[in-house]
Amino acid sequence: MSLDRRDALRLGATAAATAAVSFPLGGPATASPGGSSDAPDHARIVAAYRVLQVGTGRVSPKRDRAVAALDEVALGYHSAMDVTRDQLWADLPTGPGSTYFPTMYYRLRTIAVDWATPGSALSARPELPGRIVTALNTLCRTQYNEHTAEIGNWYSYEIGVPYWLLQTVVALGDRLPAADRERVLRPVLRFVADPNRRTATAGLVETGANRADKALITVVSGALAGDAGRVAAGLAAVTDVAGQGAADLTKRSTEGDGYRTDGSFIQHEVVPYPGHYGLVLLSAIAALTYVTAGTAHQLPFSVREMFDQSVSDVYAPFLFAGSMMEPVRGRMLSRQGETGHDAGHQFIAAVVLLARTAAEPARSRLAGLAARWIAEGTWAPYLDVADLARFSGGLQPVGVPEVEFAEQLTPPWPGSAVPLTHRVFPQMDRMVHSTGGWSASLGVGSKRICRYESINGMNLHGWYTGDGVLYTFLPGQQGHYSDAYWPTVDATLLPGTTERDATPPPLISDPPRTTTSYAGGVRFDAQHGAHGLDFVSQDGALTARKSWFFTPDAVICLGAAVTDASGAPVRTAIENRNLGERGAGRLLVDGRPDASPLGTTRAVTGVRWLHLAGTAGYVLLDGPGRQPVTLVREDRTGSWLGIDTGANTHGTPVPCTRRYQKIVLDHGLSPADASYAYAVLPGASPAQTRRACGRWTVLANTALVQSTRLDGQLTAATFFAAGAVERVRVSGPAAMMWGRTAHGWTFTLSDPTQTQDTVRVTIDGPARRVLHADASVTVVATHPRLVVDVKAAGSFGATHTFMTG
């Protein structure tokens, strides 16, 4: 694509700046003010950041569609903008506070970026930069300047608006007069005066994603202001030079926000957040790496290497078919403009950007992963940009630059199979099980990790998302959780949970933790694991012991000691599946189609197995006395505004209707020591489901221990106290699996309470010798029975292994 003189001026190209730097897979254009000896580097930083907003003009059909999607929203914002008044948009009142002005900056940023994007609808309007400059100055005068008080959400003043403002400034380039640029930058320089600390709260040190955002904002604003010290301060914030590394973003820790030693990621101290704040951090670092590449300020190789490695270790396990799994997205799952697919796209975009500046072999590894993930996501294809209006002031993970960058991942990278994975992340009470076809994960809470987060008007139906939700992800239902699931699902019956049929508890703004510490599991190998939860409701009245045993083709679910004295009915949801609009997946009950009319409730007894077409098979494991199963197929209507009323994140009131299939176990009124046992076979056929009847043996299902004998000579058990199963005894709470392998008998154990010093394991039977053991395992005796002590203290719920022969 050729550029005329006006385009060249708008891009602010300076040949000297581009010629000096080589960028893998293409590099940034250049544009910048500058007057010091650091001016060339500052120009590169600003130019590269501009490319991250408008792209390079690389022509392709996918890129054209992305431009058209941007045009659609930008034209609407532009036509509604009245620059002759202080109130630029009729629906966004002018006044103090953070309720409306972030959206004003977002809209103006959208207009400016569209104008600066080659070939866009607004790029041919020569009068437009003047209108944008006028609007910028109006906002600076009336809404956001160096004298503004922080009213409402601090984030708007210190991160959100600075981003939109800087992106508007770099999009305008030389069309923004120097005096105006200096004026509108003043509030950014004030509110992000120190990337290490929060301006609104004296003494508060920034951590995790917030620190990464402020580092990038500081570097870009410093380059725009020609302030070398500010640029250096932003880069130093990444490793927290000022704080002697206490809040170093590259550090793996066992406490606080950020990356944990087991690959977990925590924000707000108690919330698992690889699927949002972790992505925000990675995205900011990817951008920071890109804009400083080839300058004297680029990040050290060791820093970049750590983030490159985090792609596979921290984030990738929770990506399924281009979508980020729900249990690691916190309150953000209620955002209309941040579905699991949007979060997945943000992750992929960050990985593509990291690949552009990575050295080999990391570059090929990252590019190959990104290409595979893009190819896998067919429900919401990464390269098909559309419906940008729904973001309305929030993240737009894929736009024109991201399409251009992804299409430059050529030649096509060879695909690779989805790896078999069973992984436990005990420091955030999360796990993931991937079979190469379907995947699963759990949402649980404990004394360590909150049961939900609901702040700033978000996640208004999040009551039970940490009460033992079993999330299953199927290749044929990639859009299940992204397709208006959270606005429409009956959030009092999330799959896997045991709850009262009553008014949900009040939402607590301080992310609530439970009163029990048992939440965690053990990994046996890449295809097997066991997980347990000592469940207690938010009000403390409903309790249960719950376990999940994961295999290559099923999840065995046990519940015991289900007790409640409230007088309300208690039920366990086996399934509550989003079938889409007017979905028609057939439900079989012991091989016979369920013919219940839509919207009716049917209770059936003596059921052995069920099958929901396109979803899964379900096998009841608790014998002839099993409790009734309630079946309901219903249409449910809700809106995104119903679950997110946040000032700057809220959804629309447009009603969405989706059809659901519920399969529910009823425990009756005020149950005492009730139980359940069933298996979920994701993706199974009716024949496979029927054949699974009698396949697994429940060895124990009590308040003290839950155990199942799996295929082959493999046993899984969750001990909630000292106890025994088969020939294995433990001295205290533990999750264990044991079985014969090619190398003898393998035993794995973890302490899900993360409170014990040592767990003693006694194995009855013929004397055994230990062939191999982790350093945490000590052999106490081998005759007349094998006794080992497992040092659990300091392992934070990690798996310990020993093998015998």
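Residue numbers start at 1 and run along the sequence shown.
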Does a side-chain heavy-atom distance below 4.5 Å link [X] with [Y]?
| X | Y | result |
| --- | --- | --- |
| Tyr277 | Asp257 | no |
| Val761 | His800 | no |
| Gln627 | Asp622 | yes |
| Thr465 | Tyr471 | yes |
| Gln427 | Ile266 | no |
| Thr514 | Gln538 | no |
| Leu610 | Leu620 | yes |
| His480 | Phe473 | no |

Answer yes or no: is there a donor N or O on one side and an acceptor on the other, between the side chain of [X] and the main chain of [Y], under 3.5 Å?
| X | Y | result |
| --- | --- | --- |
| Asn576 | Leu493 | yes |
| Asn459 | Met332 | no |
| Ser795 | Ala792 | yes |
| Ser670 | Gly567 | yes |
| Arg365 | Asp308 | yes |
| Asp774 | Ser776 | no |
| Thr250 | Met306 | no |
| Ser253 | Glu255 | yes |
| Ser566 | Ala568 | yes |
| Arg430 | Val444 | yes |

How about [X] and [Y]: does a side-chain donor come under 3.5 Å of a side-chain acceptor?
| X | Y | value |
| --- | --- | --- |
| Thr718 | Arg545 | no |
| Ser517 | Thr755 | no |
| Tyr518 | Lys546 | no |

Before you tell me yes or no, could you show the steps for His268 and Arg331 under side-chain contact (heavy atoms from CB on, under 4.5 Å), namely the whole-Å CA-CA distance, both residues' side-chain angles and the distance that decides it to 0.1 Å? CA-CA 12 Å; His268 298 165; Arg331 74 183 191 275; 3.6 Å; yes
Given Val787, which partner from the list Thr778, Thr762, Ile763 fulfils the side-chain contact (heavy atoms from CB on, under 4.5 Å) test? Thr762
Please list, chain by chain and in numerical order, all residues satisfying ring-ring contact (aromatic ring centres under 6.0 Å, His included) with [X], sequence neighbours excluded.
| X | result |
| --- | --- |
| Phe347 | Tyr315, Trp373 |
| Phe535 | none |
| Phe265 | Tyr259 |
| Tyr464 | none |

Listed by chain and number, what are the salt bridge (charged side-chain N to carboxylate O under 4.0 Å, His left out) partners of [X], not counting sequence neighbours?
| X | answer |
| --- | --- |
| Glu575 | none |
| Arg448 | Asp429 |
| Asp673 | none |
| Glu326 | Arg329 |

Would you compute the distance between atom CZ of Arg571 and atom OG1 of Thr630 and round it to the nearest 0.5 angstrom? 9.0 Å
Going by side-chain contact (heavy atoms from CB on, under 4.5 Å), name the residues that satisfy it together with Leu507, two or more places apart in sequence or in a different chain. Tyr452, Ser454, Leu460, Trp463
For Ala724, which residues count as a side-chain contact (heavy atoms from CB on, under 4.5 Å) partner, sequence neighbours excluded? Arg729
What's the verdict on side-chain contact (heavy atoms from CB on, under 4.5 Å) for Thr715 and Ser707, showing C-alpha distance, side-chain angles and the deciding distance? CA-CA 7 Å; Thr715 300; Ser707 178; 3.7 Å; yes
What I want to find out is whether Asp590 reaches Arg608 closely enough, with some N-O distance under 4.0 Å, to be called a salt bridge. no
Which pairs count as salt bridge (charged side-chain N to carboxylate O under 4.0 Å, His left out) when at least one residue sits in residues 705-724, sequence neighbours excluded? Arg695-Asp711, Arg709-Glu726
Tell me, which pairs form a salt bridge (charged side-chain N to carboxylate O under 4.0 Å, His left out) where one or both residues lie in residues 789-805, sequence neighbours left out? Asp757-Lys791, Arg760-Asp789
Parallel, tilted or perpendicular: ring planes of Trp438 versus His433, cut at 30 and 60 degrees: tilted
Can you check side-chain contact (heavy atoms from CB on, under 4.5 Å) on Phe719 and Val725, steps first, answer last? CA-CA 9 Å; Phe719 298 93; Val725 169; 3.8 Å; yes
Under the side-chain contact (heavy atoms from CB on, under 4.5 Å) criterion, do Cys557 and Tyr618 qualify, and how do the steps go? CA-CA 10 Å; Cys557 308; Tyr618 312 89; over 6 Å; no
